[in-house]
Amino acid sequence: MEEDKSLNFIEQIVENDLQEGKNDRRIQTRFPPEPNGYLHIGHVKAICMDFGIAERYNGVCNLRFDDTNPVKEDTEYVDSIQQDIRWLGFHWGNVFYASDYFDQLYDLAIRFIKEGKAYVDEQTAEQIAEQKGTPTEPGTPSPYRDRPVEENLRLFEAMQRGEIEDGKMVLRAKIDMANPNMHFRDPIIYRIITTHPHHRTGRKWNVYPMYDFAHGQSDYFEGVTHSICTLEFVVHRPLYDWFIDQFVGQVPSNAADWKTGSDYRPRQYEFNRLNITYTVMSKRKMLQLVKEGLVAGWDDPRMPTVCGLRRRGYTAEAIREFIRKIGYTKVEGMIDLGLLEHTIRESLKNTAPRICAIFDPVRLVITNYEGDGETIVAENIDGNPELGTRQIPFARELYIERGDFLEQADKNFYRLSPGGREVRLKNAYIIQATGCEHDADGNLTTVYATYDPLSKSGTEGGNRKTKATINWVECQSCVDVEARLYDRLFAVENPSAEEGDFRDLLNPDSLKVVTCKAEQSLRSEMHRPEVVDGIAQVNHYQLLKQGFFVIDPDTDDRHIVLNRTASLKDNWQK
RNA sequence: UGCCUAAUGGUGUAAUGGUAGCACUACAGAUUCUGGUUCUGUCUGUCUGGGUUCGAGUCCUGGUUAGGCAACCA
């Protein structure tokens, strides 16, 4: 059932370009993460765009790690990023690294110096910042701005040979210190980094290119046609174009015909980044939460990371569907967390087997039930027999939810109450409460009821309607299960908009760990999950009336751990 | 006193000069062996002044508001 969805503005641009025959009607995109953290759902939005455009228009999307800053980057992240993209179901053409182009980039820098377009500055970072001016005031030129070409060449080579201390010199493009776009005020294009080896090139380089000098150039070398990124790069686009103008058609590119006057050039387009209520989408803040132990790790089920969502029980399909729903524009907005939850419920409601678990158990004794008990056969999903059945033990003593019994009930309460209405035990018999018992402190300990032996589900006598159906498990056979009940990470809608420390805004109730009593089938249906690409394939369940749950990797043979993916909607107000 | 973006219900998006639609949320009703699901219905919207046009959310123009831009980060 493919619903008609109009093209987003990037797709329209691509279709126009195709129609006009731009870049020989070739479509090539790239997903360019910096390997300095785990992928989060904001990245997924970019991934769906970059890979989606390539898929839709028979192009190719390459994965390119933007690894120009060895101080922050690590192979740990390179691996997790690839795993997450594969898990999401996308396929790249090649894996590239910005560091693949360090030689070409260095040559380009030399070329710029020779053409008088770059110079070595030996002022401090503070001095350079001061001379940059402000958005409303022009900058002032560096005293080193007019150094002779030979001297620039000699110094830049000395920088690369490791003869200059970190921070003592930088290479700047010589553009325009008075440009209204601050990025044109002689941007730094190379800096010295000797303190950290690069995760791929080791100690080969002592100078590393800055983003503005690496990104567009890498796009050009690879033959990228549509370089799609988020809105904060809009101000960089003129510089992106400026650099490419300096060498387009004069330097090799994988794009065809560069030598023969092809019109090829990469172009940058920007869309709005993803913000979701009650969470943060900043790698820096996430890293802080992880490092300070405020969450259990990058894959903590409360985190908006891909691995966190996965552990929470989100499926790749649901995450992609969510991205499809929110669309792409140039308006900076804030997506309601409720939409993400709605999407995962949609995805699981027709597939997740139902199971009973009692979270706040109280004993129910069926006083007129004779015999040792019986086995009930229930469909895993009501009305969906192809999803199989399971067996549930039934006997005289059961656990039910404490909240399903009220000694004094008003008419809006549909469930058990002494002398009250008939209530269906899910998949079993109709009962009627007759009384209850309390301990010395007045806590309810036992509910007494009688059952109608002819009212069993699936039998003719069982067709009688009841207003309510309640959950139960049989006392002897049920299993204790640890349930981790997750809720929104932050207590406020937009933590980034608040004054003060974002850590003070964490939701203190974002995790509640409880033990519940689940029906035996949860244990018997459990199996060691199959591991694909290092990722355990998980089973999703719906605990009736409680929500969707997924088996957590902390589970072992003795101890079952379930994570709540999402609660069920609850229209019953007290 | 700069430059760049953007502005459609509570939220996210569509309408490409021709009936302002969809999804989420909220609310109401029906159905239901999950107070879930499903179904039906309701509420709420083109930032603003002027102009072009038979006709403007859309084009022009002047405002207003919001966000971004001054890392040896990406």
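Since this is a predicted model, take the numbers as computed values, not measurements. Throughout, protein chains are lettered first and strands after them, A, B, ... in sequence-line order, and every chain is numbered starting at 1.
- Here B/U11 presents its C1' atom at 12 Å from CD1 of A/Ile326, a figure rounded to the nearest Å.
- Within the 4.0 angstrom heavy-atom criterion, only backbone atoms of the sugar-phosphate kind lie near A/Gly333; the bases stay farther away.
- Residue A/Thr343 is out of contact with every strand shown, counting any heavy-atom pair closer than 4.0 Å.
- Backbone-only contact: A/Val234 has heavy atoms under 4.0 Å from sugar-phosphate atoms and none from a base.
- Residue contacts shown for A/Lys426 include a base, since a base heavy atom lies under 4.0 Å away.
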Between the protein and nucleotides 36-46 of chain B, are there any N/O to N/O pairs under 3.5 Å, and if so, what are the atom names and distances?
| residue | atom | partner | partner atom | Å |
| --- | --- | --- | --- | --- |
| B/G36 | OP1 | A/Asn571 | ND2 | 2.5 |
| B/U37 | O3' | A/Lys349 | NZ | 3.3 |
| B/U38 | OP1 | A/Lys349 | NZ | 2.5 |

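- Close placement of the A/Phe213 and A/Phe112 rings is indicated, their centers lying within 6.0 Å of each other.
- Base contact: A/Leu544 has a heavy atom under 4.0 Å from a base atom.
- We find that CE of A/Met177 is positioned 14 Å from P of B/A70, with the value rounded to whole Å.
- Aromatic rings from A/Tyr97 and A/Phe65 are positioned such that their centres are separated by under 6.0 Å.
- Taking the ring centroids of A/Tyr240 and A/His236, they lie at or beyond the 6.0 Å cut-off.
- Annotation: of the two residues near RNA chain B, A/Ile381 and A/Arg191, the 5′-most nearest-nucleotide partner is A/Ile381.
- Using a 4.0 Å heavy-atom distance criterion, A/Phe9 is classed as making no nucleic acid contact.
- Following rounding to the nearest Å, A/Ile10 (CD1) and B/U5 (P) show an atom-to-atom distance of 14 Å.
- Here A/Lys325 does not reach the OP1 or OP2 of B/U13: none of its side-chain N or O atoms lies under 4.0 Å away.
- Within 4.0 Å (heavy atoms only), A/Asp67 reaches no atom of the nucleic acid at all.
- If you take NZ of A/Lys545 and C1' of B/U32, they are 12 Å apart, rounded to a whole angstrom.
- Within 4.0 Å of A/Asn181, counting heavy atoms only, lies no atom of the nucleic acid at all.
- Nearest-nucleotide mapping onto RNA chain B: of A/Val170 and A/His183, the residue sitting toward the 5' end is A/His183.
- Between A/Glu332 atom CD and B/U13 atom C1' there is a gap of 16 Å when expressed in whole angstrom units.
- Annotation: the span from A/Asp84 atom CG to A/Thr305 atom OG1 amounts to 8.0 Å, rounded to 0.5 Å.
- Side-chain nitrogen and oxygen atoms of A/Asn272 include at least one within less than 4.0 Å of the OP1 or OP2 phosphate oxygen of B/U13.
- At the heavy-atom level, A/Asn36 lies nowhere under 4.0 Å from the strands shown.
- Note: OH (A/Tyr269) to C1' (B/C4) measures 17 Å, nearest angstrom.
- Here A/Thr134 does not reach the OP1 or OP2 of B/G2: none of its side-chain N or O atoms lies under 4.0 Å away.
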